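For reference, the structure discussed in these notes is given below.
Quick caveat: nothing in here was measured; it's all calculated off a predicted structure.
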Amino acid sequence: MARGAGALSRGAGIAGAALALAMLALPLAAILRAAGGGVRPGPADLSALWFTLEQASLSAVLSVALAVPVARALARRRFAGRRLFITLTGAPFLLPVAVAVMGLLAVFGARGWLNAAAGTLGLGPWRIYGLHGVVLAHVFFNLPLAVRILLQGWQAIPAERFRLAATLGLPPGQVFRLLEWPMLRQAVPGALAAIFAICLGSFSVALILGGGPAATTLELAIYQAFLFDFDLGRAAVLALMQAGLVAGAAALSLWLTRMDGSGSGLDRAGQRRDAPGGWRRGADALWLVLAGLFVVLPLVALVLKGLPGLVDLPARTWPAVGNSLLVSLGCAALTVTLAGALSAPMARWAEGVGLMPLALSSLVLGTGIFLILNPVMPPARAALPVTLLVNVLMALPFCLRVLAPAWARAEVDHGRLADQLGLRGLARLRWLILPRIRGPLGFAAGIAAALSMGDLGVITLFGTEDRETLPLLMYRLMGAYRTEAAWGAALVLLGLSFGIFWIFDRMGGRDA
């Protein structure tokens with residue numbers, strides 16, 4: 001590390017870490033204090049715990065199991081549009097959860113395309129609500145993630161080994177046993193643990209598709225304890241249970257996600273010519289088509305249903321759009337600033353602090369903040385600032401993993417020259433760091449803005465009609481059976497989320 005940047009890096013790292021720790025520790029302390037009042041989990045709470053574990057386990061297993069043939073087909077086939085297909089698999093990450101669920105309802109819901117087709121065949125309707133609906137939505141979000149994880153594993157196997165196997169005439173079963181299975185044994189456990197941890201904290205999916213005593217997650221039980229009973233002690237106990245679950249799953253995921261590698265090669269990407277033909281080629285094509293339709297159809301259905309609903313949007317839609325934009329832009333600015341402070345090379349130890357929000361969920365943090373504010377002021381008054389704060393913490397780990405490697409690379413490549421030129425402090429940041437992390441900076445800001453724009457989490461605890469965001473308005477329109485207007489709000493939210501990500505990403509890439 002260059003000596004000239006030491007003071008700036010150390011100061012920024014300490015300040016950023018202290019701020020992040022305070023934003024995490026204070027809500028957790030409030031939860032611990034409220035949970036220590038003698039409240040014990042009841043049968044309904046234990047049922048919610050079991051359902052949370054059940055749906056997360058099923059979602060993780062199905063996502064990874066379906067991702068194996070899709071990733072394998074992508075790894076060994078070359079076709080027109082392959083890059084576009086791989087890029088498309090990243091779309092659900094930026095897609096607002098509530099919007100995606102609306103798209104799934106358009107395809108799999110009671111009046112969706114699937115039930116309409118089943119009706120023409122004389123088959124009974126398929127209900128999307130309950131356990132199978134929650135699992136379906138989680139597979140929609142996490143199948144692309146699992147595909148990307150496993151595809152990286154396949155691409156890490158040297159292409160020369162596959163060509164050698166083809167030269168030796170090894171059958172596909174032997175190729176799988178000798179080359180692919182050892183990679184899967186390393187990659188699959190980490191992918192399972194990561195997706196399991198993600199599904200534990202998916203509040204919006206359970207809120208829209210779950211419900212009822214038999215389909216209530218811990219986070220949904222927290223929400224119900226606030227909304228229906230205003231039982232803060234029980235909500236704190238549930239939040240503590242949820243935090244323990246997610247923290248344990250996140251730690252397991254980090255521990256398991258270790259690739260030992262498959263040996264070195266000549267890095268000749270894309271030169272595999274050993275893919276078997278015949279029925280296996282047809283099977284690979286079928287898997288790719290099905291996966292593509294599974295991701296694209298809900299988006300197409302959402303657009304088709306949302307366009308007519310634009311004319312039914314209520315007047316309060318536009319103040320909600322303004323609130324969402326305010327929170328989204330503020331989240332982008334604050335998150336990249338905090339992630340930049342934690343990315344400073346002298347603050348490598350502080351990166352762990354920035355990753356700590358992975359062990360929590362937005363509803364758990366919102367519960368703690370509610371407990372802090374409730375004795376001193378009506379929490380609803382702080383709905384938008386609290387939503388902004390929690391979204392900053394939730395987006396911080398993703399932005400940190402984008403910015404930290406780019407900052408480190410800039411120092412490794414040009415830090416010594418900057419020392420010789422006497423660049424220190426803010427001058428070093430302006431002339432050395434920022435020009436070289438501009439692209440990752442725009443990408444990170446776009447991620448933070450898009451995730452915040454579509455968040456339907458903590459705002460459900462604090463939001464009122466005059467302090468609601470667009471996702472909350474859409475959910476309330478659904479609850480009021482104003483379906484057409486809800487479709488229109490979902491389409492507006494979809495456009496805003498992808499639009500604001502594109503703008504930030506474009507700004508980062510311009511003249512970079």
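Checked by atom type and distance alone, the side chain of R467 never pairs as donor or acceptor with a backbone atom of F462 at under 3.5 Å. Judged by distance alone, with hydrogens and angles left aside, the side-chain atoms of T52 form a donor-acceptor pair with the main-chain N or O of L218 at under 3.5 Å.
M23 places a side-chain heavy atom less than 4.5 Å from the side chain of L338. Residues L150 and V188 are in side-chain contact: their nearest non-hydrogen atoms beyond the backbone lie under 4.5 Å apart. You'll find the side chain of L131 reaches within 4.5 Å of the side chain of L58, heavy atoms only. Taking the side chain as every heavy atom from C-beta outward, L473 and L470 approach each other to under 4.5 Å. The side-chain heavy atoms of L384 and L388, taken from C-beta on, include no pair separated by under 4.5 Å. Between L396 and L342 there is a side-chain heavy-atom pair separated by less than 4.5 Å. Taking the side chain as every heavy atom from C-beta outward, L451 and M394 never approach each other to under 4.5 Å. Residues M474 and P471 are not in side-chain contact: their nearest non-hydrogen atoms beyond the backbone lie 4.5 Å or more apart.
Taking the six-membered ring wherever Trp is involved, the centroid distance between the rings of F504 and F443 does not fall below 6.0 Å.
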Next on the checklist: Apply side chain to side chain contact (heavy atoms under 4.5 Å, CB included) to residues L238 and Q242 and explain how you reach the verdict.
Outcome noted: CA-CA 6 Å; L238 291 168; Q242 174 70 11; over 6 Å; no
Next on the checklist: Please determine whether side chain to side chain contact (heavy atoms under 4.5 Å, CB included) holds for the pair V458 and I369, giving the CA-CA distance in whole Å, both sets of side-chain angles, and the decisive distance to 0.1 Å.
Outcome noted: CA-CA 10 Å; V458 67; I369 297 174; over 6 Å; no
Checklist entry - Between T216 and F51, does a side chain to side chain contact (heavy atoms under 4.5 Å, CB included) hold up when you go through it step by step? => result CA-CA 7 Å; T216 298; F51 180 79; 5.6 Å; no
Checklist entry - After noting the C-alpha distance and the side-chain angles of L304 and W487, does the key distance pass the side chain to side chain contact (heavy atoms under 4.5 Å, CB included) rule? => result CA-CA 9 Å; L304 294 179; W487 287 118; over 6 Å; no
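To the nearest 0.5 Å, atoms CG (L207) and OG1 (T217) are separated by 9.0 Å. With values rounded to the nearest 0.5 angstrom, T387 atom OG1 is found 9.5 Å from N323 atom CG. Between the CG atom in L288 and the CZ atom in R72 there is a gap of 12.5 Å [rounded to 0.5 Å]. Between atom CE of residue M241 and atom CD1 of residue I222 there is a gap of 9.0 Å, rounded to the nearest 0.5 Å. In this structure, OG in S324 is found 7.0 Å from CG in L493, a value given to the nearest 0.5 Å. Rounded to the nearest 0.5 angstrom, F398 CZ and I447 CD1 are separated by 8.5 Å.
A239 and V364 get closest at one heavy-atom pair: O-CG2, 3.8 Å. Closest heavy-atom contact between S452 and N391: OG-ND2, 3.1 Å. Considering every non-hydrogen atom in both A137 and V205, the closest pair reads CB-CG1, 3.7 Å. Here the shortest heavy-atom pairing between L143 and F294 reads CD2-CD2, 4.0 Å. L220 and A206 make their closest contact through CD2-O, 3.5 Å (heavy atoms, listed as atom of the first residue, atom of the second, distance). Here the closest non-hydrogen pair linking P375 and L371 is CD-O, 3.2 Å.
Here D312 pairs with E484, A485 under the side-chain contact (heavy atoms from CB on, under 4.5 Å) rule; sequence neighbours left out.
With no hydrogens or angles considered, no side-chain donor-acceptor pair links S63 and N142 at under 3.5 Å.
For CZ of R82, the number of neighbouring non-hydrogen atoms (other residues, nucleotides, ligands) closer than 6.0 Å is greater than 12.
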